2 protein chains.
Amino acid sequence: MERSPLARPFPAAPSIAGAVPRVARAHYKTWDRCDLTYVELDEGTSVAGVFTKNVCCSSEVEMGREQVRLGRARALVVNAGNSNAFTGYRGREAVEQIMAQVAAHLDCAPSDVFVSSTGVIGVPLPKDKAEVGVMNALAAQPCDWEMAAQTIGTTDTFAKGATASAMLGDTRIEISAIVKGSGMIAPDMATMLGYIFTDAKVSPHFLQLCLSAANEATFACITVDSDTSTSDTVLAFATGHAGNEELVDADSPGADAFAAAIHDVCRQLAHLVVRDGEGAQKFIEIAVTGAVSDESARSVGLSIANSPLVKTAVAGEDANWGRVVMAVGKAGEPADRDKLSIGFGGTWAAKNGLPLADYDEAPVAEHLKGQDIRIDVDLGLAEGSATVWTCDLTHGYIVINADYRT
Amino acid sequence: MERSPLARPFPAAPSIAGAVPRVARAHYKTWDRCDLTYVELDEGTSVAGVFTKNVCCSSEVEMGREQVRLGRARALVVNAGNSNAFTGYRGREAVEQIMAQVAAHLDCAPSDVFVSSTGVIGVPLPKDKAEVGVMNALAAQPCDWEMAAQTIGTTDTFAKGATASAMLGDTRIEISAIVKGSGMIAPDMATMLGYIFTDAKVSPHFLQLCLSAANEATFACITVDSDTSTSDTVLAFATGHAGNEELVDADSPGADAFAAAIHDVCRQLAHLVVRDGEGAQKFIEIAVTGAVSDESARSVGLSIANSPLVKTAVAGEDANWGRVVMAVGKAGEPADRDKLSIGFGGTWAAKNGLPLADYDEAPVAEHLKGQDIRIDVDLGLAEGSATVWTCDLTHGYIVINADYRT
C-alpha cells in the first residue's frame with residue numbers, strides 16, 4: 001500500500017533504561033521482513049493494560065487481562081502476520097509455549113511474559129515458527145523503537161511512535177511508545193496494538209489508573225470504520241530506572257505530570273492510528289459540547305464519526321451538516337433538535353435547530369479542502385463534552401477491503 | 001443513477017377501493033417530473049404507523065405520531081425533493097398549511113391528513129410550491145400505484161411496490177403497497193417511506209398491532225449503511241370496502257391471515273429497499289440462530305449487517321468468516337467464541353469456535369459469485385433467532401455519497 005498522505009515522521013523516541021527491544025524473523029508469512037518483536041524488561045517493571053471489549057477476543061487478550069492484575073512484567077513478545085484469534089485451545093497452547101520459552105531464558109514466571117499477535121484470524125499460531133522466532137530474537141542485537149514499530153505493523157503504511165517526558169520533582173522521566181493499526185481493519189482483520197515504555201518508578205495500580213483514564217479520552221475516542229478488533233491491546237511498562245520517588249497514587253509528587261505525559265503519548269498514538277486509517281485522505285476532529293454528560297457527548301461524537309454518510313461527505317469536501325444532524329439523532333442520546341448547533345472549521349452553519357440566515361459557506365468550503373477537518377456540535381443541553389477523531393471514507397477503503405482478496 | 005442490478009419489476013398491484021392515488025408537479029426542485037403524491041381515502045379509513053426513532057426527526061414525523069393515535073385518515077400527501085427536516089417552526093407551518101388545504105377540500109379534520117416529505121434537509125418546504133402542488137394534485141386524474149411509487153422516489157433507481165391478498169372468511173381482501181428509499185441515504189439524506197393500502201375492514205388498534213409486529217421483523221431488520229433517517233415512516237391505511245367482518249383483535253376470524261398478509265408486503269417492501277441500496281451489487285441475508293433471545297439475535301445480525309468489513313468482503317466475493325466473528329463479538333450481546341459456528345450459502349466454514357478441518361471452500365466461492373448471498377451464524381447458546389438483510393459496500397456507495405456534491 002502507498003504511504004498514507006496523513007503520515008507523520010517517526011519521532012526521536014529516546015531509549016528507556018530497563019526496556020530493550022529486539023526484532024527477528026519468525027517467518028509467519030512468506031515475506032521478507034522481521035515479524036517478531038521482543039522487548040526485555042528489567043526486574044521491578046510495573047505493567048498496566050487495556051484490552052478489546054470484543055467478546056470473541058483472542059487467547060492473548062484473555063491471558064493478558066489476567067497477567068496485568070499481577071502488576072509486573074519481564075518481557076513483551078509481539079507476533080505479526082497471524083492474530084491467533086478464533087483458534088481455540090491450539091491458539092492458547094502456542095501462547096503458553098512462548099511464555100514458557102521466554103520465562104526459562106529470563107528465569108521468571110511465565111505470567112511475567114506478555115504476548116500479542118496480529119494478522120490473519122482462524123489459523124493457530126504455528127508453534128515451530130514461534131519457537132524459532134523467539135530464539136532468534138533472544139540472540140539478536142538491540143534495536144531502536146522505530147524498528148520495533150515497523151516490526152509490529154502489518155498493513156500499516158508508516159511506523160508510528162510517540163514520546164513525552166515529565167519532571168517528577170527534580171527527576172526527569174521519559175516515555176517512548178509505539179502503536180500499530182490502520183483502524184480495526186486490514187485484508188485479514190488487523191488489530192490495534194500499542195506499547196508504552198517509561199523509566200519512571202510507578203506502582204502497577206497507579207500506572208493502570210493513568211492508562212485507563214488516558215484510554216477513555218484517546219483510544220476509546222477514535223474510530224476508522226466502527227469495527228472492533230478481537231485483539232486490541234495497549235500495555236504500559238514502567239521500569240523504575242529514572243530514580244524518582246515511586247508514584248503510588250494521585251497524591252504522589254509529580255503524579256499529575258506523569259498522568260498528563262501518559263495521556264499525551266496515548267493521544268499521539270491514537271491520532272497516528274487514525275492517520276493510517278485505511279483509505280484515509282482527511283483527519284477529522286469532532287468536538288461535542290453541551291451534552292448531558294461527557295459519556296453522552298462521546299457517544300454522540302462516535303455516532304457522527306462512524307456515520308458512512310458523514311465520512312463520505314467529508315471525503316467529498318461537502319459541508320453537509322444535515323448528515324451530522326442525522327448522526328446526532330440516531331445516537332440514542334438526549335438531544336433536542338431545536339437546540340442543536342453545527343459548525344465546520346470554526347464557522348457555524350446552523351444554530352438552535354435552524355440553518356443560519358447569514359451562513360457564509362466560503363470559509364467552510366476552504367476548510368474542507370484541507371487535510372485536517374474540524375466539526376463542532378453543540379447540543380445546548382448541559383455541560384458534557386468530548387472530542388473524538390476519525391478519518392474520511394474513500395474509494396481507498398473499498399479497494400483495500402473488497403478489491404484485494406485474502 | 002443506473003438502475004440497480006438487483007432491481008425487481010413493479011408487481012401487478014391492484015386498485016384498492018376507497019384509496020385513489022394522484023400525482024402532480026410542485027416543482028420542489030428544478031426537475032422534469034411529478035414530485036407530489038396525493039392519495040384520497042374514503043371516510044371510515046383506519047390508519048396505523050411506525051416512525052423513525054431518530055430524535056432529530058422532522059415535523060411530519062412528530063405530527064404523524066400524534067395523528068396515528070386518532071386512528072383515522074382521509075388523505076396522504078408525500079412531497080419529494082425536500083425532507084423539511086431541521087427546519088424548525090417554518091417547516092411545521094408548511095405541513096400545517098398542506099393539512100388545512102386538503103382538509104378544506106375534503107371537509108374533514110386537518111388531523112385526518114397525513115404528510116410526509118423526503119429530500120434535502122434544512123430547507124423549509126416552500127409553502128407556495130406546496131400550495132400549487134396540492135391544487136394540481138386535487139385536480140389530477142387518478143393514477144396507478146407504479147406512478148405513485150415513482151413519484152415518492154428521490155434517488156431510487158427503480159419504482160418499488162408489493163401486493164398480497166388474504167381470505168377473511170369468504171371475503172377476499174387486497175393489499176397494495178409502495179415504498180421509497182435506497183437505504184437511509186442519498187446525496188442529501190433520503191428517507192425510507194412506505195405506504196400500505198388495503199380494502200379490508202380493520203380497527204385502527206388491530207391494524208397498528210399488525211403493522212408494528214411486521215415492522216419489527218422486516219423494516220427493523222434491514223440496513224444499508226447504519227444511518228437512520230430523520231424521516232422514516234411506514235403508514236398502513238385500511239378503507240374497509242372489502243366487506244369482511246371488521247377485524248378488531250387477534251381472535252377475529254381471518255385475523256391471522258390478515259396479519260400474515262401485512263407481514264408479507266412489509267417483507268417485500270423491506271427487501272426492495274435493500275435491493276436499491278446505494279451501490280448495491282449483492283443482496284445479503286443473515287440468519288442468526290442459537291442466541292439467548294430473538295432480540296439478541298437481531299442485534300447480532302445487525303452488527304454483522306452494519307460491519308463495513310463484512311460488507312466489503314461480500315463485495316469482494318471473499319468468504320472472510322473472521323470478519324463475521326469480529327462483528328459477532330463487537331455486538332455486545334451474549335456470545336461464546338468457542339460455541340460459534342459460521343456458514344456461507346449452506347456450507348459451514350467454522351463450527352464450535354474452530355475452522356472446520358474438512359472445510360470445502362469451492363461451493364462457498366461459487367455461492368459468493370451470485371447476487372443473493374446467505375450467511376448463517378449459530379451462537380450455540382439458546383433458541384433465539386432472527387434474520388436480517390443488507391447489501392454489500394462497493395465503490396458505488398462512495399461515488400454516490402462522496403464524489404457527487406450537493
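Keep in mind the model is a prediction, meaning the values are calculated, not measured. Each chain gets a letter, A, B and so on, in the order the sequences are listed, and its residues count up from 1.
Contact count against chain A (heavy-atom pairs under 4.5 Å) is highest for Leu340(B) among Val314(B), Leu340(B), Val328(B), Asn352(B). Ranked by heavy-atom pairs shorter than 4.5 Å toward chain B, the options Gly329(A), Gly332(A), Gly122(A), Ala349(A) are led by Gly329(A). The candidate with the highest count of non-hydrogen atom pairs below 4.5 Å against chain B, out of Ala331(A), Ala315(A), Pro308(A), Gly88(A), is Pro308(A).
With Phe86(A) as reference, Val325(B) is the one residue of Asp338(B), Leu354(B), Val325(B) to meet the side-chain contact (heavy atoms from CB on, under 4.5 Å) rule.
With a 4.5 angstrom heavy-atom cutoff, Thr394(B) touches chain A only via backbone atoms. With a threshold of 4.5 angstrom between heavy atoms, Ser307(A) approaches chain B through its backbone and through its side chain.
To the nearest 0.5 Å, atoms CD1 (Ile398(A)) and OG1 (Thr312(B)) are separated by 6.5 Å. Lys330(A) NZ to Thr52(B) OG1: the interatomic distance, rounded to the nearest 0.5 Å, is 11.0 Å. Atom CD of Glu278(B) is separated from atom CG of Leu309(A) by 7.0 Å, given to the nearest 0.5 angstrom. In this structure, SG in Cys57(A) is found 6.0 Å from CZ in Arg337(B), a value given to the nearest 0.5 Å.
Counting only heavy atoms from C-beta outward, the side chains of Arg323(B) and Asn401(A) approach each other to under 4.5 Å.
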